[in-house]
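Proteins get letters first, then strands, A, B, ... in listed order; numbering begins at 1 in each. As the structure is a computational prediction, the values presented were derived from the model and not from experiment.
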Number of protein chains: 2
Amino acid sequence: MSNDLDTVFAALADPTRRAILAMLLEDDMAVTDVADPFEMSLAAISKHLIILTKAGLISQEKRGRVKWCKLEPDALRAASVWMQGFGQFEPVNLDAFERFLEVELPVTDDP
Amino acid sequence: MSNDLDTVFAALADPTRRAILAMLLEDDMAVTDVADPFEMSLAAISKHLIILTKAGLISQEKRGRVKWCKLEPDALRAASVWMQGFGQFEPVNLDAFERFLEVELPVTDDP
DNA sequence: CGCATATTCAACCAAATGGTTGACCAAAAC
DNA sequence: GTTTTGGTCAACCATTTGGTTGAATATGCG
């Protein structure tokens, strides 16, 4: 039984894609600008964006020759709901979130 | 073991592994009993359990010839925290996040 | 128009993933 | 002891993944 959690979690499993999501958290971006800080080819980033789109994590809208990418947090929320099934979480740990921001957000260092 | 988001999300991306986690939510289980409801081989389930262990989502303890599997929600918690960053706020705002925590998620003791 | 820019497509590649079998080892049961 | 049970290991296989290039397709600009 393959549901959309498969694609959402698989999309989140790649550090490049998580870095892209972090970038889109700040603002909508064109594909070329998303690709800019990464060392890989534009085609590779384009593929990552397609994966994120199929997972519903972002949406892409073409205006002119520029395709704009926009964060769509609803899919993340769905995954989060799945996790609530494991309801034994302690409340969200702020320290962990801050550590995430320090480690994950500087996308220029991303492998 | 590792709380790396890569391995945690990759582990969660497989429906068999999510089903295993759901089973372990009810109680600790031996490897053979985990494998029982699935149609695949015991070796395949054993591999899935190793992946879950490496992701830190479960732990395995051998008592006698039986290896017991136990849910370890810490890694899930880390992933959940990561997702909260996207689900709740448009621009990441730590102050707002902290305020949100105080209002919406009052700290309680370990359940 | 002619050319640059933005993005994808197609073919290819190496490595990882998810599964299978059969041999193997340790612990328990008879 | 011998056999059964619990579980992993090793080798293999098919498919997917993440990346590369180079060509192709639009769109905008001078």
To the nearest Å, how far apart are [X] [atom1] and [N] [atom2]?
X: A:Met29; N: C:dA6; atom1: CE; atom2: C1'; answer: 14 Å
X: A:Lys67; N: D:dT25; atom1: NZ; atom2: P; answer: 16 Å
X: A:Lys54; N: D:dT16; atom1: NZ; atom2: C1'; answer: 13 Å
X: A:Asp6; N: D:dT16; atom1: CG; atom2: P; answer: 13 Å
X: A:Phe38; N: D:dG19; atom1: CZ; atom2: P; answer: 10 Å
X: A:Trp68; N: C:dT5; atom1: CH2; atom2: P; answer: 17 Å

Review point. Does B:Arg17 reach the main-chain N or O of B:Ala11 with its side chain, forming a donor-acceptor pair under 3.5 Å?
Key: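 It does hold such a pair.
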Practice item. For A:Ala19 and A:Phe38, work out which heavy atoms get closest and say how close. Key: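 Between these two residues, the closest heavy atoms are CB-CZ, 3.9 Å.
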Point to revise | Which atom of B:Leu71 lies closest to which atom of B:Leu24, heavy atoms considered | key: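 Scanning both residues, the minimum pair turns out to be CB-O, 4.1 Å.
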If you define the side chain from C-beta out and look only at heavy atoms, does anything of [X] sit under 4.5 Å from [Y]?
X: A:Asp28; Y: A:Cys69; result: no
X: A:Pro37; Y: A:Met23; result: yes
X: B:Leu52; Y: B:Glu72; result: no

Check your understanding: What string of B, S and - do you get for nucleotides 16-30 of chain C, 5' to 3', if B is base contact, S is sugar-phosphate-only contact and - is no contact with any protein heavy atom under 4.0 Å?
Key -> --SBBB-----BS--
